[in-house]
There are 2 protein chains.
Amino acid sequence: MNNSKVKPTASELEILNILWSKGPSTVREIHEVLELNKDAGYTTTLKLMQIMNEKSLVKRDETSKSHVYSANVSKELMQGQMVKGMIDTMFNGSASQLVMQALGNHKADAKELDEIRKYLDLMDNKK
Amino acid sequence: MNNSKVKPTASELEILNILWSKGPSTVREIHEVLELNKDAGYTTTLKLMQIMNEKSLVKRDETSKSHVYSANVSKELMQGQMVKGMIDTMFNGSASQLVMQALGNHKADAKELDEIRKYLDLMDNKK
DNA sequence: TTGTACTTACGAAATAATTCGTACGTTTGT
DNA sequence: ACAAACGTACGAATTATTTCGTAAGTACAA
């Protein structure tokens, strides 16, 4: 997993998500998942994945006739990039503002809140 | 401030950010700020703002010759939409996962961490 | 008055992203 | 062997976004 600053489009992100959760997949496998939510032809998916390959967002194994694609950027890295973008453009660079917005509007159950507390304590210790 | 589910493009978001921080402004005022970071002509900015007006992302006061534009969606609302989108597409619907990603990679100082703690406690009380 | 500067409106070019048709090759079942 | 099914490649149409040129109106100073 290399690759520094590529920004996937919305469609590309959908595909990456599938690859992250399913692991290496053929175009058809990806396409079948995509079909559940949207409606586009097979060659559309194929083309997208070919482009993603050129951009090195995915890599592909051409050993067998049906090429097998896998993500070439980690989900964590991409999450990081996107969260950073969001903090910079919408939260004046303040991570905690984002955090509060996220907590305010989206229910987290008690267990999750506890995890976050632990996390906060952990960060204090680091100093 | 009305308007439900419009998704601003990146350029539109830049303009909204300026409007949110400066308040109602003319095209020229906005353009002067934009010019600091990018380089595009005046009519480009104008056109963009006209389109945003059609989409009701902004509203405009045509009383004086130089029309005065202001945001027609609140920053908070937009933050909410975007955070939600992010949580749904990149964090499996879990707000706390986003929170931890945000805290993990982006320094928040001690004061901010305390604010977050207070916030967490407050949420517990609500139950 | 005349001309310079500024404004809006708007069509259309330039660019980016998505979608699809079609060609062409390989595999598989009969 | 042959057709049907399935795979890749790829040019090009479609759609979305960004950019700009030009026309036309108004204010204002010389």
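Keep in mind it's a predicted model, so treat the numbers as computed, not measured.
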Output the single nucleotide from C/dC20, C/dG11, D/dT18 whose closest atom is nearest the side chain of B/Ser11.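 Nearest nucleotide to the side chain: D/dT18.
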Check every atom of D/dG11, C/dT8, D/dT18 against the side chain of A/Lys47 and return the nucleotide holding the closest atom.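 Closest of the options to the side chain of A/Lys47: D/dG11.
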On DNA chain C, compare the nucleotides closest to B/Arg60 and A/Thr44; which residue's is nearer the 5' end?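 The residue mapped nearer the 5' terminus is B/Arg60.
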Assign each of A/Gly41 and B/His67 to its nearest nucleotide of DNA chain C by heavy atoms, then name whichever residue's nucleotide is nearer the 5' end.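 Closest to the 5' end, via its nearest nucleotide, is B/His67.
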At under 4.0 Å, does any side-chain N or O of [X] touch on OP1 or OP2 of [N]?
X	N	answer
A/Thr9	C/dT18	yes
B/Thr43	D/dG21	no
B/Arg28	C/dT7	yes

Can you measure B/Leu46 atom CG to D/dT19 atom C1' for me and round it to whole angstrom units?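 Going from B/Leu46 (CG) to D/dT19 (C1'), I get 12 Å.
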Side-chain donor/acceptor of B/Lys65 to base of C/dC6, under 3.5 Å: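 Indeed there is one.
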Looking only at side-chain N and O atoms, does A/Asp61 offer a donor or acceptor that is under 3.5 Å from a partner on A/Thr63?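 Indeed, the side chains of A/Thr63 and A/Asp61 share at least one donor-acceptor pair under 3.5 Å.
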Short N-O contact, B/Asp114 and B/Lys111, less than 4.0 angstrom: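 Between B/Lys111 and B/Asp114 there is no salt bridge, as every charged N stays at least 4.0 Å from the carboxylate O atoms.
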State whether A/Arg60 and A/Glu62 are salt-bridged, where the test is any N-O pair (Lys NZ or Arg NE/NH1/NH2 against Asp/Glu carboxylate O) under 4.0 Å.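 The answer is yes: the pair qualifies as a salt bridge.
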Where the side chain of A/Asn17 meets the backbone of B/Thr89, is there a donor-acceptor pair that is under 3.5 Å apart?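 Flag set: sc A/Asn17 to bb B/Thr89 pair under 3.5 Å.
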